[in-house]
Amino acid sequence: MPPPSITKLKRTSVSQPRLLNPTFSSSSPLHTQFPYHSSTLSQNHNPEPPGTLSPSIILSRKPSNGSHSSYYAHLLESCISRKAINPGKQLHAHLCQMGLGFNSYLATKLVNLYSVCRSLRDAHLLFDKIPKGNLFLWNVLIRGYAWNGPYEVAISLFHQMLGYGLMPDRYTFPFVLKACSALSAIEEGRKIHERVIQTRCETDVYVGAALIDMYAKCGCPGSARQVFDKIEVRDAVLWNSMLAAYSQNGHPDESLTLCGEMALTDLRPTEATFVTVISASADMAALPPGKELHGFSLRLGFESNDRVKTALVDMYAKTGSVKVARTLFEQLGEKRVVSWNAMITGYAMHGHASEALNLFEEMKRETLPDHITFVGVLGACSHGGLLNEGQTFFELMVREYHIDPTVQHYTCMIDLLGHCGRFGEAYSLIMQMKVMPDSGVWGALLNSCKMHGEIDLGELALEKLIELEPEDSGNYVILSNMYAKAGKWEGVARLRKLMIDKGIKKSIACSWIEVKNKIHAFLSGDTSHPNSDAIYAELKRLGGLMTEAGYVPGTGSVFHDVEEDEKANMVCCHSERLAIAFGLISTQPGTRLLITKNLRVCEDCHIAIKFISKITEREVTVRDVNRYHHFKDGICSCGDYW
DNA sequence: ATAGGGTTAG
């Protein structure tokens, strides 16, 4: 039996309610009031997923004894839960014919349907025709804009709603706060928080989680914590939002501490708990808590959870256990973009360029790479000094994948060109960027200038960097070292005065290592550690062995007023080397050493560490906690002239 | 009478 066409349905005798006619966007090829003729149905190239009610089935079940609001409500609910826009529009047209269009209960459901189907234009046009006394109607439309944008409209609707004398409820707040989060609109967010308190909604966990998220996205974890502390009956999601608030704002340690408190409650951690807190431990380059969380997640039955597993891949890769990361990566049931990206960037940040690029080739066959994939791929090229490959991938990204380069992609390219001494091309690339060059870009250029002694361009880069981040000492230090290397002491003096005038203090390089659950931190030339004597003795011993093995202390930093033998001494007391020496004398042979550094490891130390690994047959990983594409901190504290 | 918050790769 052929499906009944909507045009054949009986028209009611009631005068046509124009009020709620469905609207069709101008992009739709269908401009008639009844768009779904049987001919158009058969041309449907986008069939609904299996299990969806087809439009013909909906209408063939039309009750013969007249129309009941609850019957259509049921059908509309069915469309809403399936996000089935086309049958919904057909129902809408049908309701207009039936004369049920002015039923504001059903109309509200239609607004809801358009809203969940992201047809905000249709939702809003219909909304405009419905009496405004119904809070639910407002909530539905605000939700639509909070989920899909423009977010400003959600906030403006909220104010219009207040203008109508309606009181927002515990459903309204999460929606409008989500819009504030998306816009980082802190002033608006705080005003809404006041209203939450007036309305006595502050103990609702949904409202609370939305407030915490709003404060987190606006960079105010302290305010988020105040909200969290005021709520007495908490659920897992509330904890999760607070954990995320800390890790999104550079406090992974607080996130881990809070996770410990959560573990003391009766609440069962969820997938989001583990994803958040495992990534927090990756951010602080802390393997032991990460491993503990791994075990904890296994005990709670998250072994085959791919999202948790992806977070673990990222954590193990970042903390230097690239092989463990790869093993887990291979265990993934479904490899999504995030998983590929975590593994590729993991290889890139440890300088495993060929592994990163091989994996990228494999990925291309299975998944569509995104802009973050290319940050990893270009980062791998930049680490490996692969200029030609980098340029090819950059082209590929733009031409084949139609991805607009971001500052991060440009930073990698500037670094690549600069390190190869192609300053003309590097500079013209900066000039032709469609995005504003940030401190990462100029920092990459400055760092390259330092390597090649390009003083003029270096001065220009510093000028830009001073505009962008006047408080950052690292930039001055790099240029100062360049002046010193070229013997331009008046430049050194000028910069020193500039820093004093601006009241800028130099940041100090610090490295740390965890041994037996205790963190041991070292500054450059530090002698305050209880085992200091033994550490320096070990460094001296290593120095001898390294020289025998062919190591030549770095010529990267030149000391103008220090005797030759003292130079060698100073090169040996960079903070990462102190941490390594301590690790060597206080752990079992064969244990892997993970050192974390707050500034970028200098090239000389990188070479030295390779020698140390070889001589001692120990796996040594030094990880800087700065993002690897931030080249502005490419300094070692001993090489400075202050 | 219908609805809602948190999550990873740079």
Side-chain angles (χ1 to χ4, degrees), chain A residues 69-70 73-74 76-77 80-81 105-106 108-113 115-116 134-144 146-147 169-178 181 201 204-214 216-217 224 227-228 231 234-245 247-248 255 269-280 282-283 305-315 317-318 325 329 335-346 348-349 369-379 406-409 411-412 440 627-630:
Chain A
S69 166
S70 65
H74 177 75
L76 277 171
E77 275 313 316
I80 290 165
S81 63
Y105 166 56
L106 291 178
T108 302
K109 283 212 184 299
L110 276 167
V111 174
N112 191 9
L113 173 73
S115 172
V116 299
N134 177 0
L135 182 60
F136 179 74
L137 177 67
W138 287 90
N139 286 352
V140 160
L141 195 65
I142 292 174
R143 181 191 61 185
W147 283 357
D169 66 359
R170 65 206 164 93
Y171 291 98
T172 322
F173 289 121
F175 300 144
V176 69
L177 285 167
K178 196 175 181 67
S181 299
C201 285
D204 184 277
V205 280
Y206 286 80
V207 176
L211 275 170
I212 290 169
D213 182 57
M214 184 275 294
K217 299 271 155 61
V227 174
F228 180 80
I231 298 173
R234 300 170 184 151
D235 66 357
V237 178
L238 196 76
W239 283 90
N240 294 348
S241 31
M242 195 58 228
L243 294 171
S247 47
Q248 285 163 4
S255 185
T270 66
E271 172 186 291
T273 316
F274 282 112
V275 170
T276 305
V277 96
I278 288 169
S279 89
D283 280 344
N305 183 309
D306 281 350
R307 285 166 202 270
V308 173
K309 199 164 265 174
T310 296
L312 287 168
V313 168
D314 176 53
M315 186 272 294
K318 278 191 180 147
F329 175 79
K335 296 186 181 81
R336 294 169 312 121
V337 199
V338 198
S339 328
W340 291 99
N341 290 353
M343 198 61 237
I344 289 173
T345 50
M349 72 200 310
D370 66 3
H371 67 113
I372 291 160
T373 317
F374 280 97
V375 173
V377 168
L378 295 176
T406 67
V407 267
Q408 289 166 32
H409 302 118
T411 304
C412 294
R627 299 289 187 197
Y628 67 94
H629 55 273
H630 279 190

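Below, each value reflects all heavy atoms present in this structure, side chains not excepted, and no hydrogens, waters or symmetry copies. In what follows, chains are A, B, ... by sequence order, proteins preceding strands, each numbered from 1.
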Just compare dT8(B), dG5(B), dG4(B) and give me whichever is closest to any side-chain atom of Phe175(A). dG4(B)
Distance check needed: dG5(B) C1' versus Glu271(A) CD, whole Å only. 16 Å
Between the side chains of Asp370(A) and Thr373(A), does any donor sit under 3.5 Å from an acceptor? yes
If I take atom OG from residue Ser70(A) and atom CG from residue Leu76(A), how far apart are they, to the nearest 0.5 angstrom? 11.5 Å
Does a side-chain N or O from Lys309(A) land closer than 4.0 Å to OP1 or OP2 of dA9(B), or not? no
Ring-face cation of Arg170(A) near Tyr206(A) (centre distance under 6.0 Å, axis angle within 45°): no
In whole angstrom, give the distance that lies between atom CG of Asp314(A) and atom C1' of dG10(B). 10 Å
Report which part of the nucleic acid Phe173(A) touches: base, sugar-phosphate, or nothing (heavy-atom distance under 4.0 Å, all strands). nothing
Check the phosphate of dA3(B) against Lys178(A), side-chain N and O only, distance under 4.0 Å to OP1 or OP2. Yes or no? no
Taking only N and O in the side chain of Trp147(A), is any of them less than 4.0 Å away from OP1 or OP2 of dG5(B)? yes
So Ala311(A), base contact, sugar-phosphate only, or nothing? Heavy-atom distance under 4.0 Å. nothing
Nearest-neighbour nucleotide for the Thr310(A) side chain, dG10(B), dG5(B), dT8(B) considered: dT8(B)
How would you label the contact of Asp169(A) with the nucleic acid (heavy atoms, under 4.0 Å): base, sugar-phosphate, or nothing? base
With a 4.0 Å cut-off, would you call Lys318(A) and Asp283(A) a salt bridge? yes
Quick check: do Thr273(A) and Trp239(A) have side-chain heavy atoms less than 4.5 Å from each other? no
Out of dT2(B), dG10(B), dT7(B), minimum distance to the side chain of Lys109(A) belongs to dT2(B)
Distance check needed: dA9(B) P versus Gln408(A) CD, whole Å only. 12 Å
Take the protein atom CG of Asp213(A) and the nucleotide atom P of dG5(B), then report the distance between them rounded to whole Å. 10 Å
Nearest-Å distance, CZ (Phe329(A)) to C1' (dA9(B))? 11 Å
Determine whether any donor atom in the side chain of Asp204(A) lies under 3.5 Å from an acceptor atom in the base of dG5(B), or the reverse, and answer yes or no. no
Tell me what Leu211(A) touches on the nucleic acid: a base, only sugar-phosphate, or nothing, going by heavy atoms under 4.0 Å. nothing
Arg170(A) atom CZ is separated from dG4(B) atom P, nearest whole Å, by 12 Å
Would the base of dA3(B) count as contacting Asn139(A) through its side chain, where contact means a donor and an acceptor less than 3.5 Å apart? yes
If you look at every strand shown and take non-hydrogen atoms under 4.0 Å, does Lys217(A) touch a base, only sugar-phosphate, or nothing? sugar-phosphate
Using centres under 5.5 Å plus planes under 30 degrees as the test, is Tyr171(A) stacked with dG4(B)? no
Checking the side chain of Ser241(A) only, and the main-chain atoms of Ile212(A) only, is there a donor and an acceptor separated by less than 3.5 Å? no
Classify the nucleic acid contact of Thr270(A) as base, sugar-phosphate or nothing, counting any heavy atom under 4.0 Å across all strands shown. base
Protein-nucleotide distance (Asp235(A), atom CG; dG5(B), atom P), rounded to Å: 12 Å
Among dT7(B), dG5(B), dA9(B), the nucleotide that comes nearest once only the side chain of Val337(A) is considered: dA9(B)
Compare the minimum distances between each of dT7(B), dG5(B), dA9(B) and the side chain of Ala244(A), then state the nucleotide with the smallest one. dT7(B)
Return the value, rounded to whole Å, for the distance between atom CZ of Phe274(A) and atom C1' of dT8(B). 14 Å
So what does Val140(A) touch, heavy atoms closer than 4.0 Å: a base, only the sugar-phosphate, or nothing? nothing
Keeping His371(A) on the side-chain end and His409(A) on the backbone end, is there a donor-acceptor pair under 3.5 Å? no
Thr345(A), nearest nucleotide to its side chain (from dG5(B), dG10(B), dT2(B)): dG10(B)
Indicate whether Phe136(A) forms a stack on dT2(B); treat it as stacked only if centroid distance is below 5.5 angstrom and interplanar angle below 30 degrees. yes
